[in-house]
Amino acid sequence: MLIEASIPLRVRLRSGEVRLRPGHPVRFHDADGRKLLARAPGKVHCVMPEPPLRSGWFVAYRNQRNRLHDGTVSRCDWIGTGWTIHLTSGTAIPFMWVTSVSKTDAAGKVIAAWLTSRHGFDGERERGKP
């Protein structure tokens, strides 16, 4: 996630100290970025978060009629307020329609799968935690 400061700041992380300056976004891991945004509201803002899904991953989603569909992720575009997921079929869907994700390896073989309601979009959230 890219984060930019509105005033000069020094941030201490486990990995070391980071200096932030206005006009110079710095890339943070998502967990560190979310923590910084929560601890310094008004002093920092997210310029562009990391894409929630990777190219080649397989997703299942429900459309506006609540019908179940699936597809392979081509790319994710940040539109300022959320993500648009582009599938290899040419379909573009809002990120929030995604109900499950399958992570694939370079050969296209599924190596992990999860429900987004239980494990988040990256599969890292523990059950019952936001």
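For the pairing with His69, the side-chain contact (heavy atoms from CB on, under 4.5 Å) check across Thr99, Leu87, Asn63, Thr91 returns one residue only, Asn63. Tested against Val11 for a side-chain contact (heavy atoms from CB on, under 4.5 Å), the candidates Ile3, Val26, Val44, Leu36 yield a single pass: Leu36.
The residues Asp77 and Arg75 are annotated as salt-bridged, a charged nitrogen and a carboxylate oxygen being separated by less than 4.0 angstrom.
At distances below 3.5 Å, not a single donor-acceptor pair connects side-chain atoms of Thr104 with backbone N or O atoms of Lys109. Judged by distance alone, with hydrogens and angles left aside, the side-chain atoms of Thr72 form no donor-acceptor pair with the main-chain N or O of Thr88 at under 3.5 Å. Although no hydrogens or angles enter the test, the distance criterion places no donor-acceptor pair under 3.5 Å between the side chain of Ser102 and the main chain of Ala113.
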Could you walk me through whether Thr116 and Val101 pass the side chain to side chain contact (heavy atoms under 4.5 Å, CB included) check? CA-CA 7 Å; Thr116 57; Val101 179; 3.9 Å; yes
Evaluate the criterion side chain to side chain contact (heavy atoms under 4.5 Å, CB included) for residue pair Leu9 and Lys43; output intermediate values, then yes/no. CA-CA 8 Å; Leu9 288 175; Lys43 296 179 183 177; 4.0 Å; yes
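The CG atom of Leu68 lies 9.0 Å from the OH atom of Tyr61; values are rounded to the nearest 0.5 Å. For the atom pair CG of Leu20 and CZ of Arg10, the computed distance is 11.5 Å after rounding to the nearest 0.5 Å. Rounded to the nearest 0.5 angstrom, Phe58 CZ and Leu53 CG are separated by 12.5 Å. How far CD1 of Ile111 is from CG of Asp105: 5.5 Å, rounded to the nearest 0.5 Å. The distance from the OG atom of Ser100 to the CH2 atom of Trp114 is 9.5 Å, given to the nearest 0.5 Å. If you take SG on Cys76 and CH2 on Trp57, they are separated by 9.0 Å, rounding to the nearest 0.5 Å.
For the pair Ser55 and Ser74, the minimum side-chain heavy-atom distance is 4.5 Å or more. Contact annotation: the side chain of Glu4 never approaches that of His24 to less than 4.5 Å [non-hydrogen atoms, C-beta and beyond]. Side chains of Cys46 and Leu37 form a contact here, defined as non-hydrogen atoms less than 4.5 Å apart. Proximity of Trp97 to Gln64: side-chain heavy atoms (C-beta onward) are separated by under 4.5 Å at one or more points.
When all heavy atoms of Phe28 and Leu13 are compared, the closest pair comes out as CE2-CD1, 3.8 Å. When every heavy atom of Arg39 is checked against every heavy atom of Pro41, the shortest pair comes out as C-CD, 3.3 Å.
Take Arg62 and apply the salt bridge (Lys or Arg N to Asp or Glu O under 4.0 Å) test, not counting sequence neighbours, and it matches no residue.
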